[in-house]
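Here's the structure we're looking at; comments come further down.
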Number of protein chains: 2
Amino acid sequence: MPVTLKDIAERVGKSVPTVSRALGNFEDISPETRAEVQRVAREMGYEPSATALNLKTRRTNTISLILPSYAQLRFSDPFFSAFLTGVVEIAAARGVDLSVSGDLGADVEAAYLKQIRSRRTDGFIVMRTQRQDSRIDLLRKHDVPFVAFGRVEGDNNFCYVDEDGTAGIRAAVDHLAALGHRRLGYISEPTHLTKSYHRYAGFREGVEANNLPYDPALVIEANFRQDSGRQSALRLLSMEKPPTAIVCANDLLALGALNEAQSRGLVVGRDVSITGFDDILLAEYTHPSLTTLHQPAQEMGGMVADILLKLVNKEPVEEPQIIIRPTLVVRESSGPAPT
Amino acid sequence: MPVTLKDIAERVGKSVPTVSRALGNFEDISPETRAEVQRVAREMGYEPSATALNLKTRRTNTISLILPSYAQLRFSDPFFSAFLTGVVEIAAARGVDLSVSGDLGADVEAAYLKQIRSRRTDGFIVMRTQRQDSRIDLLRKHDVPFVAFGRVEGDNNFCYVDEDGTAGIRAAVDHLAALGHRRLGYISEPTHLTKSYHRYAGFREGVEANNLPYDPALVIEANFRQDSGRQSALRLLSMEKPPTAIVCANDLLALGALNEAQSRGLVVGRDVSITGFDDILLAEYTHPSLTTLHQPAQEMGGMVADILLKLVNKEPVEEPQIIIRPTLVVRESSGPAPT
DNA sequence: ATTGACTTCTAAATCGATTTAGAATATGAT
DNA sequence: ATCATATTCTAAATCGATTTAGAAGTCAAT
């Protein structure tokens, strides 16, 4: 049975408010009473009821993240664990919990509305925005604090942390162009996610900036996973004039491509170059190791949490919009263009 | 501003309790009043305050998981995302949220105590038990509902879901023995985690059951990550009489070993066989693909959540202790012993 | 007309804290 | 002795729901 203020009050023979104020170090409590109350509270292992406090203060000390069930993001986003860790670390340091819930595979808006209306949370983290994102619209409309991981198409006047996917892929293309590659293939994720769209934009930009020929047939829209990367690579490599390098929108796709290339007897990094995006733990340990773009996933999670907590506390947010430029990590999967 | 019962009461000109009972479909409310109240509630977008309900009912509709900061489990456990998804899915279906918090890197018990005393949660999920696990002791002592993912050494009289790591590694050893391997190396995780200990036990058991010679020098305790797997493999493969097969306690270690073997010019699956454990997404896509043990991570998360919710609701739990036997997935990294 | 039985509602208490307003006591000044 | 002032406490209201007990009204039966 948990200890309440009342229990302490009975033990010290004072009223509940007195105990409350003694614990709060208020001036109108005599030093002796204060000391006595605090001693007893410690002895009894008192901890205020979070629920009662929530009700009184209208704060839940909880921030929410609703796992999207559209696109199996959770599986295909190797980023997620690290990001979550970053969020939890920052939140924990401020005494705030992260509530993770599901949208029941049905109505995303309903899931958000329920959380909002039942006042379960102080604010939301919106994972992996879509170009048109009803979650953002909803949260804005209800004036609920939130921070998005990603931007949207259109009005981006809200707090977000995002990767610079365009600059990332652009760096990969520049790298390949510098290695002499002229004919580049691109394996894209479905572009309803903003990040996928930005990454794709980076490809277009890079091709143009390096004066490479653009061939729409070399751009394939896959899903998020390896098998799809493999299939896409199959299509690219069976063309009569296949690309000498394949830029992939993420590491999993790149691993699929790697696999396909190898099973055709190609030596990756020599016969064909392949790049990824995300620098998942395994990128370094594939054979050959994968040239890719590194992102500080955990730090980004921390940034999102930090901004959100400031919003919730109505503290000023110095940098409400942060775009992180990924860094190119050159490994063995990319090499000079074959002559 | 969220809608409260009071708001509805004012709108329909009835008292708050009447509204409450009308929404609860109580018998002592006239059908007309009931209909009217429910209509107005719907119109106004009423949702009961979770906080107020929590206070009144002493239930939070939240289950908790505290991320351990000992051993960077979160990074090294590729299992985690899928497991979490399973938990959230089952919980969401029952209208329960998952609260993820951190232990602030300091006192694990303090983190649990705080959650318990402040009555923030209905129950706990204990991730990845240790052989001596103070979390379990604490939760038992305080009689708080919990389900562990993993067992402990000693009294296991509590609800848990666990993998059968012993049977898993045993299956790998049997498989290698059947391929003619006699000299097996084992790369272990630190064995303070119960799962690591069980996996190691499987190795001992397999070696014995197959009448293989046991050489302590062939067992290396690594940490959880690839680089460590690589270093361990280096030691094993530089022995004057190296093992012909290396059993690894997890896939990441196996990938490290794979890498080391390959950089020595060995063909994995022919010159040396390597097996892993977990069947992470990438096990299928390495080159050669990895023989490993598959675990239904998401389902296991679901099972844990299911049992916990039953405990919380004081419903009978048919199967309070579940041990899942992983399935051996034979791929290219294991082959006949070289002659 | 009184009683009893129903029906339908409201008043008040409760969950566990905080906060505002005001009471009781002690102290000092005149 | 009286009044003002300070000190230290308590009573009561509040947050938003539920629940118990009981009030008010209707109707039929005696």
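Residue numbers start from 1 in every chain, and the chains themselves are labelled A, B, ... in the order their sequence lines are given, proteins ahead of strands.
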With a 3.5 Å cut-off and no angle check, do the side chains of A:T60 and A:T121 form a donor-acceptor pair? no
Closest contact, heavy atoms only, A:E109 versus A:S134: OE2-CB, 3.6 Å
Send over the distance from A:D28 CG to C:dT19 P, rounded to a whole Å. 12 Å
OP1, OP2 of C:dT10 versus side-chain N and O of B:T18: anything below 4.0 Å? yes
Using heavy atoms and a sub-4.0 Å distance, could you list which residues of residues 30-43 of chain B are near DNA chain C? By number, please. B:S30, B:T33
Residues 92-101 of chain B side chain polar contacts: donor-acceptor under 3.5 Å, at least two apart:
{"unit_1": "B:R94", "atom_1": "NH2", "unit_2": "B:D306", "atom_2": "OD1", "d": "3.4"}
{"unit_1": "B:D97", "atom_1": "OD2", "unit_2": "A:Q115", "atom_2": "NE2", "d": "3.1"}
{"unit_1": "B:S101", "atom_1": "OG", "unit_2": "B:Q115", "atom_2": "NE2", "d": "3.4"}

Can you tell me if A:K14 touches the phosphate of D:dC9, counting only side-chain N or O atoms and a distance under 4.0 Å to OP1 or OP2? yes
Taking five pairs at each end, how big is the angle between the two axes of the helix from C:dA1-D:dT30 to C:dT30-D:dA1, to 10°? 90°
Check residues 16-25 of chain B and write down every donor-acceptor pair under 3.5 Å in which the side-chain atom is one partner and the other belongs to a residue at least two apart or another chain.
{"unit_1": "B:T18", "atom_1": "OG1", "unit_2": "B:S15", "atom_2": "OG", "d": "2.9"}
{"unit_1": "B:R21", "atom_1": "NH1", "unit_2": "B:D28", "atom_2": "OD1", "d": "3.0"}
{"unit_1": "B:R21", "atom_1": "NH1", "unit_2": "B:D28", "atom_2": "OD2", "d": "2.6"}
{"unit_1": "B:N25", "atom_1": "OD1", "unit_2": "B:Q38", "atom_2": "NE2", "d": "3.0"}

Salt bridge (charged side-chain N to carboxylate O under 4.0 Å, His left out), paired with A:K310, selected from A:E318, A:E319, A:E315: A:E318
Heavy-atom contacts, protein to nucleotides 12-18 of chain C, under 4.0 Å, summarised as B (base), S (sugar-phosphate only) or - (none) per nt, yield B-BBBBB
May I have the distance from B:I29 (atom CD1) to D:dT19 (atom P), rounded to whole angstrom? 13 Å
I need the minimum non-hydrogen distance between A:D7 and A:T4, along with the two atoms involved. OD2-N, 2.9 Å
Quick check: do A:V152 and A:Y160 have side-chain heavy atoms less than 4.5 Å from each other? no
Show me the donor-acceptor pairs within less than 3.5 Å that the side chains of residues 144-151 of chain B make with the rest of the protein, sequence neighbours left out.
{"unit_1": "B:R151", "atom_1": "NE", "unit_2": "B:D162", "atom_2": "OD2", "d": "2.8"}
{"unit_1": "B:R151", "atom_1": "NH2", "unit_2": "B:D162", "atom_2": "OD2", "d": "3.3"}
{"unit_1": "B:R151", "atom_1": "NH2", "unit_2": "B:E163", "atom_2": "O", "d": "3.4"}

Have A:R59 and A:T57 got a donor and an acceptor in their side chains that come within less than 3.5 Å? no
Is it the case that B:R128 places NZ or CZ above or below the six-membered ring of B:F83, under 6.0 angstrom from the centre and within 45 degrees of the axis? no
